[in-house]
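Report on one structure; see the data block that follows.
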Amino acid sequence: MTFSVGDRITVKDETPPNHHRTPWYIKGRQGVVVEYIGDWLNSETRAHGGDGLPKLPMYRVEFDQSYLWPEYKESASDKLWIDLYEHWLIPA
Amino acid sequence: MSDNKDHGGFFDTGWRPSGDVHRDEDGRPHEHPGLQEDVGLGVRASRALAMHELLVEKGVLGENEVEEAIEAWSERVPSNGATLVAKAWADPEFKKRLLEHPKETVIESGFVPEHNADVIVLENTEDVQHMVVCTLCSCYPTALLGPPPDWYKSFSYRSRAVTEPRKVMSEFGLELEEETEVRVVDSNSELRFLVIPRRPEGTEGWSVEQLADLVNRNSMIGVAAATEPGTD
């Protein structure tokens, strides 16, 4: 487990050819780790017939909505939460 | 449709012959000995039926596996989640356990998470409103809420939920205070999220059964409020 709650991270801005569950709108963006949520089977290899092992650490990461969406007009306090595998995160 | 003992009506298209007589598209009655179950099925339904037969024949699917899966789906309904929410409203100890050990508490309560998925329970308060979306597909706690509604799977919801969540909520009748923090939860991993909506005022002392009637499906996705007493 590399990251701790409160760490600022950047999501890798990559688009590997394999199945992955990191949506485009947070790629390359900075967020904050709000929780380590355990080790999970790797959906990126499972999607291609693998067993998903070894399990990988996953983190709940928070982003400011007004940072993610420059046009965001709703409220400065609004957040987005998303769960991401450790190998998608680099220290910010 | 004639008695369809081989297929159990899985692929019922809603097509019904007039009387017991099959008719051509131009309305002429005729007979298809041995093929009557398929008359009136569309191309896709026929293909699905053929694939099902082959999969059973090859031993990939058990004889009753599809029927059993459909049966299991019929037990996945929003009242499952509503019962949990109502119990959490009524019993602070239960709510604490549901928030801290959600999967265990869901299983203890008699529900079986789909694909053995983990369940996370999020509580909405005066300060925070959680709203769940799956931007990549349609991840949804089906064991607790049943199959996702079409709007949840729509491209429109999946994009607007992250770009203008408050506007989406207002379209579901929920106007939030500016000070309330919105947390859009993009659910696309192995976890499924159930939201505990805010308990409506004026429901002190209500039974779990009475409270459960106020817990509508949309409030457990976080796009709407629980039903106000007397407006059901």
Side-chain angles (χ1 to χ4, degrees), chain A residues 11 15-16 18-27 29 31-47 51-89, chain B residues 99-104 115-139 155 158-171 174-195 222-223:
Chain A
V11 182
T15 303
N18 56 285
H19 172 80
H20 58 284
R21 302 196 58 80
T22 307
W24 67 268
Y25 70 88
I26 51 158
K27 287 180 180 176
R29 312 310 303 273
V32 177
V33 172
V34 291
E35 195 176 346
Y36 160 67
I37 52 170
D39 291 358
W40 292 83
L41 290 175
N42 183 355
S43 58
E44 297 179 13
T45 54
R46 284 176 80 203
D51 59 10
L53 294 171
K55 287 187 175 181
L56 302 172
M58 197 172 336
Y59 300 89
R60 186 153 302 145
V61 182
E62 179 178 280
F63 297 85
D64 284 327
Q65 279 282 77
S66 50
Y67 160 72
L68 285 181
W69 313 104
E71 307 285 302
Y72 196 76
K73 293 184 191 74
E74 300 206 330
S75 169
S77 61
D78 294 353
K79 304 285 195 292
L80 179 109
W81 277 8
I82 187 165
D83 299 338
L84 298 168
Y85 287 111
E86 184 172 273
H87 64 272
W88 276 94
L89 309 180
Chain B
L99 289 167
E100 289 174 5
H101 305 286
K103 190 174 182 183
E104 293 82 347
H115 316 305
N116 202 30
D118 215 330
V119 182
I120 302 293
V121 178
L122 302 167
E123 184 183 15
N124 283 347
T125 65
E126 199 178 341
D127 301 322
V128 181
Q129 173 78 20
H130 299 88
M131 170 176 161
V132 184
V133 62
C134 174
T135 58
L136 291 180
C137 49
S138 58
C139 296
F155 182 76
R158 286 161 46 216
S159 47
R160 294 185 59 222
V162 285
T163 55
E164 45 182 14
R166 287 172 190 259
K167 186 143 186 279
V168 172
M169 283 187 264
S170 76
E171 289 164 18
L174 176 58
E175 302 286 349
L176 291 178
E177 299 294 328
E178 169 100 17
E179 298 78 56
T180 304
E181 176 186 322
V182 170
R183 273 183 209 153
V184 180
V185 183
D186 191 353
S187 165
N188 55 31
S189 69
E190 308 292 318
L191 307 174
R192 301 288 180 269
F193 294 91
L194 176 76
V195 173
V223 292

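All values reported here derive from a predicted model rather than from experimental measurement.
Judged by the 6.0 Å distance and 45° axis criteria, A:R29 is positioned over the aromatic ring of A:Y67.
With A:L80 as the partner, the side chain to side chain contact (heavy atoms under 4.5 Å, CB included) test is satisfied by one option alone out of B:V184, B:V182, B:T135: B:V184.
Within the 4.5 angstrom heavy-atom criterion, only side-chain atoms of B:I120, from C-beta onward, approach chain A. For A:E74, the parts lying under 4.5 angstrom from a heavy atom of chain B are both the backbone and the side chain. Only the backbone of B:T180 comes within contact range of chain A, with heavy atoms under 4.5 Å apart. Both the backbone and the side chain of B:T163 come within contact range of chain A, judged by heavy atoms closer than 4.5 Å.
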### Task
Tell me, with the steps shown, if B:D186 and A:Y25 meet side chain to side chain donor-acceptor pair (under 3.5 Å).
CA-CA 11 Å; B:D186 191 353; A:Y25 70 88; 2.6 Å; yes
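Between chain A and the options B:L176, B:V162, B:V133, B:V128, heavy-atom pairs under 4.5 Å are most frequent for B:V162. Among A:D78, A:I37, A:L68, the residue with the largest count of heavy-atom pairs under 4.5 Å with chain B is A:D78.
Ring geometry for A:Y36 against A:Y59 counts as tilted: the plane angle lies between 30° and 60°, on a 0 to 90° scale.
Salt bridge A:D83/A:R60: present, at least one basic N to carboxylate O contact under 4.0 Å.
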